[in-house]
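Some notes on the structure that comes next.
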Amino acid sequence: MTTTAGDRLVAYDELLTRYEPVIGLETHVELGTASKMFCGCATTFGAEPNTQTCPVCLGLPGSLPVANAAAIEATVRIGLALGCRIASWCRFARKNYFYPDIPKGFQTSQYDEPLCTAGHLDVEVDGETYRVEIERVHLEEDTGKNLHVGGATGRIHGADHSLVDYNRAGIPLVEIVTRPIPGTGAKAPEVARAYVTELRDILLALGVSEVRMEQGNLRSDVNTSLAPIGDLEWGTRTETKNVNSLRSVERAVRFEMRRQAAVLDAGRRVLQETRHFHEDTGTTSAGRSKEEATDYRYFPEPDLVPISPDPEWVEKLAAALPELPAARRARLRQEWGLSPTEMSWIANAGALGLVDETVAAGATPGDARKWWLGELARRANDAGVELAGLAISPRQVAELTRLVAEGTVNDQLARQALDGVLAGEGDPAQVVQARGLAVMGESDELVAAVEAAIAGAPDVVEKVRGGKVQALGALVGAVMKATRGKADAATVRRMLEQRVL
Amino acid sequence: MSAPTTELTGRTADELARLLSAGEVAAADVTRAYLDRIAAEDGDLGAYLHVDPEAAQAQAAEVDSARAAGTGLGPLAGVPVALKDVVVTEGVPTTSGSRILEGWRPPYDATVAARLKAARTVLLGKTNMDEFAMGSSTENSAYRPTRNPWDPARIPGGSSGGSSAAVAGGLAPWAIGTDTGGSIRQPAALTGLVGHKPTYGSVSRYGLIAFSSSLDQAGPMARTVLDAAVLHEAIGGYDPCDSTSIDAPLPVLAESARRGATGDLSGVRIGVVRELGGEGHAEGYEPGVLARVAEAVALLEGLGAEVREVSCPAFDLALAAYYLIAPSEASSNLARFDGVRYGLRVGDDGERDLDEVMALTRERGFGPEVKRRIVLGTYALSSGYYEAYYGQAQKVRTLISHDFAEAFGSSAAGGPAGGGRDADGGTGGVDVLVSPTTPTVAFPLGARVDDPIAMYAADLCTLPASLAGVPAISVPCGLSDGLPVGLQIMAPALADDRCYRVAAALEAAQDDARGARFLDQLAARTGAEAR
C-alpha cells in the first residue's frame with residue numbers, strides 16, 4: 001500500500017486544528033573550492049562531461065584521496081558561524097553502496113565523528129524567533145550525475161541506456177543537519193524556508209559557496225511528520241529529497257502536511273520513506289522505502305589520516321568571521337528604522353543584500369524596500385525566479401528611485417522604465433530617454449493639451465464652474481490620455497484649476 | 001644457456017649498477033640476458049603475467065644512448081626490475097592477478113613505478129600474484145600458478161610469489177612486492193631471498209591496487225640485504241599523493257646494510273619472540289625451521305648481540321584480528337570493480353538491469369578466495385556485528401602495538417647501539433625482535449588450497465608487524481630438507497635501518513662460513529642437474 005493513493009489532501013487550516021508538525025532539514029552545500037575534495041581536479045560548473053576528472057575522482061584502481069585543506073577550513077568556518085563545537089579529532093568514514101555515480105563503490109563521508117556538532121540557528125518568521133538546533137555539520141564528497149537516455153520519464157526505469165558524468169564526483173559537499181524542530185505549528189513551512197534562507201545568507205556571507213540553488217549548489221532534504229495535537233510522541237516522518245529552491249522548501253512541507261493529514265484521517269499510517277518533490281505541481285511522490293534501512297557498513301576511512309584542527313587555528317578562524325546576517329540585520333534595521341516584522345519580510349524574501357546594496361547606491365531605505373518587495377518581487381514571482389535572478393542590479397534600482405524622487409518619472413512610467421531595464425535596454429535613465437518616458441513639465445505641448453481639453457468639453461467646464469469641482473477629473477483624464485500617461489497628474493490638475501476656476 | 005648470460009644474470013643488482021655506471025656492460029646486454037632467461041624458463045616457472053621484450057629493450061637502449069651522450073644518469077640507470085602486477089603502470093597491463101581487470105591498461109603510474117622509471121631502471125615485466133594479493137601461495141592467481149625455483153613441485157609463497165620466483169630463479173635481479181600480512185616476507189623466506197616490509201607510511205601506496213589500506217606496503221625483494229636496501233631507498237620516502245605517507249626522510253638504509261656486513265653487533269639487543277615458535281608455542285612449526293632460526297640467533301650472539309627471550313602475548317590474537325580487518329577493508333576496496341568504468345563487464349545485453357550486470361560481472365570476475373574475503377568483510381562490517389568483529393579486531397591491533405612498544409621500550413628513540421639505551425641499564429627494551437618468517441618451508445602445490453585455515457597459518461609470524469605498522473625483514477638463514485628458511489627481524493616504526501643492519505650481519509657471517517652467497521646454492525644445484 002502506498003500513501004500516494006489518490007493524493008487526497010486536507011485543507012491546511014483544517015489540519016492545523018487537529019495535527020502538529022515536526023520538521024527537520026538536511027542541507028547539502030557544494031563548497032566553492034577551486035579543486036575537488038580529494039584530488040586537484042577543477043570544480044567549474046557546466047564543463048563538458050567527464051573533462052574534470054582524474055584517476056582519483058574516477059576511483060581508478062590504486063588511486064588514493066588527499067583531503068582538501070580549504071574545504072576543511074570552510075567547514076570549520078560554517079560550524080563556527082552556526083555556533084557549533086569543533087571536533088578536536090575526527091575521521092572520514094566510508095559509506096558503502098553500489099551505484100554507478102559513486103566511482104569507488106563507497107562515498108567518503110563522515111559518520112559518527114563529524115567535524116562540527118551542537119550548534120544552532122535562530123530564524124525569524126513574522127517577527128517571531130524560532131531556534132533551530134543544529135545536530136551536526138560534516139564534510140563529504142559529491143557523487144557523479146547519471147543521465148538516463150530514452151524512456152519517457154528520464155528516470156532509470158524504462159531508459160534505453162545510462163551515461164555518467166563524473167565532473168561533479170568528488171566536489172566537496174558539506175551536510176548540515178538540524179535536530180527535529182517541533183513547536184512551529186502553522187508556521188512550519190515558513191520556518192523551513194526561513195531556515196534555508198538564513199543558512200544560505202550565512203554561506204554567502206562566509207564566501208564558502210556560491211549557493212546557486214538552480215545549479216544544485218544547495219539542496220535540502222526536508223523531513224516532515226505530523227502527530228495529533230497533544231500526543232507525546234512524534235509521528236512517522238517522510239524525507240522529501242533534493243528540494244532545490246526556497247519556495248519549494250516551503251511548498252514541500254505544506255504539501256506533506258496536507259497529504260499526511262489525509263493519510264492519518266483515513267486511519268492509515270504514514271510510511272517512513274523518501275519522497276520526490278515535483279516543482280511543476282508542488283506535490284511529492286513516493287521514492288525509496290526506508291522501512292528496511294540500507295546497511296551502509298560505515299567504517300573509518302583508512303586511506304585518510306584523521307583531522308585534528310589546532311585549537312589556536314580554530315580560534316583565529318572564529319575571530320576572523322565576517323559580520324553574519326543576523327548581526328547585519330540588527331544593524332541595518334536600526335539604520336533603516338524598520339520594525340522587526342518589516343525586517344523579516346525583507347529577509348524572508350531573500351532581499352536583504354539587494355536592499356542594502358540599493359541603499360548603498362543612493363536609494364532611501366524606504367524606496368529600496370518598496371521596489372524590491374513590491375514590483376520586483378511580483379515580477380520575480382511571475383518569472384519563477386529568485387529576486388537575485390532578475391536582470392536588474394541594485395544600482396539600477398537605486399537609479400530608478402532617484403528618477404522618481406526627482407520627478408523625472410512617475411510610478412507608472414517608472415514601471416515602464418523597469419520593463420526596459422529587464423529587457424536589457426540599458427540603465428533606467430537610458431531607457432527613459434530612449435522610450436521617451438520622462439514626465440512632461442509645463443511645456444508648450446502640455447499647455448496645448450490642457451487647453452484642448454478645456455475647449456473640447458465646455459459642458460464639463462460649465463459643471464466645474466457651477467461648483468461640481470470633482471468633475472475636473474474627467475478633464476485630467478482627457479489630458480493624461482492625450483499625453484499617453486507621460487504627464488504628471490497633479491501638475492495637470494493644477495494647470496486645469498488655474499484655467500477653469 | 002651461454003656463459004656471459006649466466007654471468008650477468010648471476011650478479012647482484014648492486015654489482016650490475018656498478019658495471020653499468022662504469023660503462024663495463026651495456027644496459028641492452030643486461031636486459032637481453034634477462035629476457036633470454038625469461039623466454040627460456042618462464043613457461044615452466046610462471047613468474048610473469050606480462051613481459052614486453054621490445055619495450056624493455058627500448059628502455060635499455062635509451063639508457064645506453066644517454067650514457068654515450070654523456071647525460072648524467074642515476075646510479076640505477078639500466079638495471080632491470082620486475083613489478084608485482086598490483087603496481088599500476090601507465091599503458092602497461094595491470095591485473096592484480098584478477099580476471100576482472102583483464103586487459104586494463106592504466107592511464108597513470110603508481111608512485112613506486114614512477115620513481116623506478118625516473119631512476120631509469122628497465123621494466124622487465126609484471127609478476128604473478130594471488131588475486132588482489134589474497135593468498136600465501138600464488139595459487140589464487142586467476143591466470144596460472146607459479147613454481148618455486150628450489151623445487152618446481154612446491155609453491156613460491158604468496159602473494160608476491162611471481163616476484164620471489166623471478167628473483168630466485170634468475171629471471172630478474174630484484175623485484176617489487178607488496179606486503180599486507182606477510183606477502184613480501186613469506187615468499188622471500190620460501191625462495192631464499194631478502195624481503196623487507198617497510199614501516200607503514202614510508203613507501204607510497206599511491207597506485208598500488210588496494211587490498212587492505214591500513215596494512216598494504218610495497219617493498220623490495222632481492223638476492224642480498226644490500227640490494228634490498230638500495231631498492232628500498234629508490235622507492236621510499238614522502239609522497240604527497242598518499243595521505244598516510246610519512247613526511248620524514250628515510251633512514252639511511254644501504255649504508256646500514258654495509259655497516260652491518262662488517263659483522264659487529266656489539267651492544268645490539270635482540271629479543272626472541274616466545275609466541276612465534278618459542279617454548280609452548282612450537283605447534284605447527286617444523287623442527288628444521290626452528291633449528292635454523294636458533295642457529296641464526298646463536299650466530300648473531302656470536303657477533304656481539306645481547307639476546308634474550310621476549311613475550312608478546314597479544315601476538316596469539318594476530319591471525320584472528322587480521323582476518324577481520326583485512327577482509328573488511330577489502331570488501332570496501334573491491335567495491336569499485338562493478339563493470340561500470342573499466343575491466344570486465346558481464347551480461348550487458350540490453351535486457352538485464354544494472355544490479356544484475358554488476359552482480360554477474362563480480363560473480364564471473366572474482367575468484368573463490370576473493371569472494372570468500374568479500375563476504376567475510378561485508379559480514380564483519382554489518383550493522384549489529386561491527387563492534388563484535390571489526391571493533392574488537394581494532395582493539396587487538398592496539399594490544400599488539402602495545403606489545404611491540406613494551407618490547408622495544410625506550411630504545412625506539414635511537415638506533416642500535418646508537419645511544420638510545422634507557423636509564424635503567426637496558427632491561428626495558430630490545431632493539432629488534434626476531435622470529436621465524438614462516439612456520440614451515442615451502443609446501444607442495446595444491447597441499448593447502450582446500451584448507452583456507454592451513455593456508456592462513458602460513459602468515460602466522462608475519463602478521464604482528466603488519467598490524468602494528470612496524471618494519472620487518474626476512475633474511476635467509478639456512479636450508480631445511482633442502483629448502484630455504486627465513487629469519488624475520490622486526491624493528492620499531494621508522495627504524496628500518498636496524499632490520500638492514502642486523503640482516504646484513506647475519507648474511508655476511510653465513511656467506512663467510514659457506515664461502516658463497518645463499519642463492520649460489522640454488523645455482524649450483526640447478527647447474528648440477530643441468531649437467
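This structure is a prediction, so every number in the text was calculated from the model and none was measured. To find a chain, count down the sequence lines: A is the first, B the second, and so on, and within it residues start at 1.
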message = I'd like to verify something: which residue of B/Pro240, B/Ser382, B/Ala210 has the highest number of heavy-atom pairs under 4.5 Å with chain A?
response =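 Among the listed options, the one with the most contacts to chain A is B/Ser382.
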
key: Best-contacting candidate, B/Asp355, B/Val88, B/Asp353, B/Leu208, against chain A by heavy atom pairs under 4.5 angstrom   =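 The candidate making the most pairs under 4.5 Å is B/Leu208.
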
request  = Mark yes when over 12 heavy atoms from residues, nucleotides or ligands other than B/Arg372 sit less than 6.0 Å from its CZ; otherwise mark no.
outcome  =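 For B/Arg372, atom CZ is crowded (more than 12 foreign heavy atoms under 6.0 Å).
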
task = Determine whether more than 12 heavy atoms belonging to other residues, nucleotides or ligands lie under 6.0 Å from atom OH of B/Tyr143.
result =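 Enclosed: over 12 neighbouring heavy atoms sit under 6.0 Å from OH of B/Tyr143.
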
query = Measuring from A/Asp303:CG to B/Asp242:CG, what's the distance to the nearest 0.5 Å?
reply =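 Here the rounded value is 7.5 Å.
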
ask   = ring pair (Phe, Tyr, Trp, His ring centres under 6.0 Å) with A/Phe92: which residues, sequence neighbours excluded?
value =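 A/Phe38.
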
Decide yes or no for [X] and [Y]: does some side-chain heavy atom of the first lie under 4.5 Å from some side-chain heavy atom of the second?
X	Y	result
A/Pro100	B/Leu354	yes
B/Ser331	A/Arg297	yes
B/Arg362	A/Phe98	yes
B/Tyr206	A/Val66	no
B/Leu101	A/Pro61	yes

Does any backbone or side-chain atom of [X] lie under 4.5 Å from a heavy atom of chain A? Answer side chain, backbone, both or neither.
X	value
B/Leu334	neither
B/Thr111	neither
B/Asn333	both
B/Tyr385	neither

ask   = When heavy-atom pairs shorter than 4.5 Å are enumerated against chain B, which of A/Pro55, A/Pro65, A/Pro103 gives the highest number?
value =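 Between A/Pro55, A/Pro65, A/Pro103, the count favours A/Pro103.
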
message = Run B/Tyr386 and A/Phe299 through ring-ring contact (aromatic ring centres under 6.0 Å, His included) and show every step you take.
response = CA-CA 9 Å; B/Tyr386 178 88; A/Phe299 74 104; 7.7 Å; no

Closer than 3.5 angstrom, by distance alone: can the side chain of [X] be matched with the main-chain N or O of [Y] as a donor-acceptor pair?
X	Y	answer
B/Tyr108	A/Ser63	yes
A/Asp295	B/Ser383	yes
B/Ser214	A/Pro302	no

query = Which residue pairs pass the side chain to side chain donor-acceptor pair (under 3.5 Å) test when at least one of the two sits in residues 337-346 of chain B, sequence neighbours left out?
reply =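 As it turns out, the side chain to side chain donor-acceptor pair (under 3.5 Å) pairs with a partner in residues 337-346 of chain B, which skip direct neighbours, are A/Tyr166-B/Arg341, B/Asp338-B/Arg341, B/Arg345-B/Asp348.
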
message = Restricting to non-hydrogen atoms, name the atom on A/Arg94 and the atom on B/Glu329 that form the minimum distance, rounded to 0.1 Å.
response =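 Closest approach of A/Arg94 to B/Glu329, heavy atoms only: NH1-O, 4.1 Å.
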
task = With side chain to side chain contact (heavy atoms under 4.5 Å, CB included) as the test, would you mind laying out the steps for B/Ser332 and A/Glu301 before giving the verdict?
result = CA-CA 10 Å; B/Ser332 175; A/Glu301 165 59 283; over 6 Å; no

